[in-house]
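What follows is a short report on a single structure.
Reminder, nothing fancy here: chain letters follow the sequence lines and each chain counts from 1.
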There are 2 protein chains.
Amino acid sequence: MKKIAIYGKGGIGKSTTTSNLSAALSVLGYKVMQIGCDPKADSTKNLVGGKLVPTVLDRIRQKKEDISLADIVFKGFNGVLCVEAGGPAPGIGCAGRGIIAAFEKLEELKAFQVYRPDVVIYDVLGDVVCGGFAMPIRGGYAEDVFVVTSGEMMSLYAACNIAAAVNQFRSKGYARLKGLILNAKGVDNERELVEKTAGEINTEVIHCIPRDGHVQKAENEGKTVVEAFPGSEMAKVYLSLADAVMVNKARFQAC
Amino acid sequence: MKKIAIYGKGGIGKSTTTSNLSAALSVLGYKVMQIGCDPKADSTKNLVGGKLVPTVLDRIRQKKEDISLADIVFKGFNGVLCVEAGGPAPGIGCAGRGIIAAFEKLEELKAFQVYRPDVVIYDVLGDVVCGGFAMPIRGGYAEDVFVVTSGEMMSLYAACNIAAAVNQFRSKGYARLKGLILNAKGVDNERELVEKTAGEINTEVIHCIPRDGHVQKAENEGKTVVEAFPGSEMAKVYLSLADAVMVNKARFQAC
Ligand SMILES: Nc1ncnc2c1ncn2[C@@H]1O[C@H](COP(=O)(O)OP(=O)(O)O)[C@@H](O)[C@H]1O
Ligand SMILES: Nc1ncnc2c1ncn2[C@@H]1O[C@H](COP(=O)(O)OP(=O)(O)O)[C@@H](O)[C@H]1O
Ligand code: SF4
Ligand SMILES: [Mg+2]
Ligand SMILES: [Mg+2]
């Protein structure tokens, strides 16, 4: 069972990238579980027809004890399993609290033994890497960490922060920074800027995703590009990202 | 003594706006203390010639006990007093920990009684409003909260989060959301988008700041626009922001 964490600055394209990656992996035959770890709780939105599934934190608030896997794990596009950790009201307690609650609940209910996914992907807010947001790295939940970034300074700064956090826990856990995923924003010299940062934090750019209108069109239908436009060049970009992440020879060079 | 908190998504222009606001207020005759509450610790950089002052958290790590005000409060451009809270290493403990430490230390050393500033401005990271980042709102340290935003979706989302957090503590503290400051990024329909969000969270756009190359030019000299280009239109924009924030009739309409 491969356990991957996708980090990055809020708004950089983590959920778009992750949900398309999950869809692509599922099309390639993998059983995938995607776990949204962002208080925004919309990571899996386009795998389930454009709605927000109930979060683990919501369920705990509503049902307190009797929570079953059916309350928090939802089947989406092509059988991808969807979970949202959720987050507390702004200002109240640690924003990462939902992630801690979700991990504990999934463990308690033996989710991985029950569903036996081939790949588990955590989509994690990376603006601050502390509290619950550090858990995928710190707790040994993720083995491979990828950071989604553009050439914008603040997303590169966040990438460095995330790399530093992974490094902090090198001795404790087994999470390793496997690479940067360039999600293009159209900044000047974007590729060079991202590659320079990759070098500075001892990693590489493992894939490039162009900015593409198919993303918005698919979103408007509550779908991923992989579902809405299966034959398109953009779908192929996500399929080759799936290859890159599973460390298979990328079938298309998208950089 | 007026106590103001400037919140906003990381990278949106809080520190640029805050340091220019401080410089403008000081030019208008106010005694100003600016307290950087972002682990990046560069809020006051362009008030002190482009360098990073030692943070409160650094000092606590180095000196543990014997910390004096001279260790953490630095005089910058035109007498503006500069403090940086600092932050822990990524992944270790609450990212807002520096803010808590800084507030406690400033209180312990009676900084406000010693310096007697007319205006205290907190420049606070607003991606997550929890732990130390919620302290300016929750602890009663700030009375007026302003949020810097552009028309970009993620900065508007952060603005809504911050408004919700201020609302959480309405009954406890006395922090009130006083308005949004539009720091232009050149998004389509930017003004409309920001005004729409302002309406949704029961506040207004109190000032508009255009995107302007003088910012970068001044930054390259380690200065604010107010210091480097005192006669420029952009300096006037920040002077009128100072009026708007002190609730004086804005001398120039920048929207
Ligand atoms: N490759 C892309 N091309 C075009 N638009 C994109 C792309 N990736 C992301 N977006 C847009 O950026 C917005 C923010 O992305 P999202 O995945 O929600 O960010 P995050 O999860 O990091 O907060 C989305 O609404 C989406 O429309
Ligand atoms: N009005 C503006 N015009 C041009 N550039 C700006 C403006 N405001 C901010 N910037 C640029 O944006 C960058 C990020 O701003 P900064 O104040 O450091 O953001 P934050 O403090 O919110 O993280 C700065 O390096 C600055 O050059
Ligand atoms: S640990 Fe991080 S997420 Fe939790 S309260 Fe502190 S700043 Fe917020
Ligand atoms: Mg997301
Ligand atoms: Mg800043």
Side-chain angles (χ1 to χ4, degrees), chain A residues 7-15 38-40 42 87-99 125-139 145 150 152-170 172-173 175 185-186 201 216 219, chain B residues 7-15 38-40 42 87-99 125-139 145 150 152-170 172-173 175 185-186 201 216 219:
Chain A
Y7 273 82
K9 184 156 183 67
I12 197 61
K14 283 182 302 304
S15 302
D38 185 323
K40 232 167 120 205
D42 64 354
I92 305 276
C94 180
R97 192 152 65 78
I99 301 168
L125 186 72
D127 296 275
V128 289
V129 195
C130 47
F133 300 113
M135 209 167 163
I137 299 171
R138 190 183 62 223
V145 176
S150 68
E152 293 160 303
M153 196 180 70
M154 280 313 296
S155 74
L156 293 171
Y157 175 77
C160 294
N161 243 16
I162 294 154
V166 172
N167 218 26
Q168 283 285 355
F169 301 118
R170 265 186 96 79
K172 287 190 179 179
K185 278 275 169 84
I201 55 177
Q216 279 69 38
E219 263 178 3
Chain B
Y7 274 82
K9 183 154 184 68
I12 198 60
K14 283 183 300 306
S15 301
D38 185 324
K40 232 167 121 204
D42 64 354
I92 305 276
C94 181
R97 191 152 68 77
I99 302 167
L125 185 73
D127 295 275
V128 290
V129 195
C130 48
F133 301 113
M135 210 167 164
I137 298 169
R138 191 184 60 225
V145 176
S150 67
E152 293 160 304
M153 197 181 68
M154 280 312 296
S155 74
L156 293 171
Y157 176 77
C160 294
N161 243 16
I162 293 154
V166 172
N167 218 26
Q168 283 285 356
F169 301 118
R170 266 187 97 77
K172 288 191 178 177
K185 279 275 170 85
I201 56 178
Q216 277 73 38
E219 263 180 2

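Ranked by non-hydrogen atom pairs under 4.5 Å with chain B, the options A/N161, A/V166, A/N167, A/I162 are led by A/N161. Comparing A/G10, A/A164, A/C94, A/A158 by heavy-atom pairs within less than 4.5 Å of chain B, the highest count is held by A/G10. Put simply, of B/R138, B/K40, B/R97, the one with the most heavy-atom pairs under 4.5 Å next to chain A is B/K40. Comparing B/G91, B/A165, B/G11, B/A163 by heavy-atom pairs within less than 4.5 Å of chain A, the highest count is held by B/G91. Among the candidates A/A95, A/S155, A/A134, the residue making the largest number of heavy-atom pairs closer than 4.5 Å to chain B is A/A95. Chain A forms the most heavy-atom pairs under 4.5 Å with one residue out of B/I137, B/V128, B/I12, and that residue is B/V128. When B/G131, B/P39, B/P90 are compared by the number of non-hydrogen pairs under 4.5 Å with chain A, B/P90 comes out ahead.
Atom CG in A/D127 sits 7.0 Å away from atom CE in B/M154 (nearest 0.5 Å).
In this structure, chain B has a heavy atom under 4.5 Å from the side chain of A/L125, while its backbone stays farther away.
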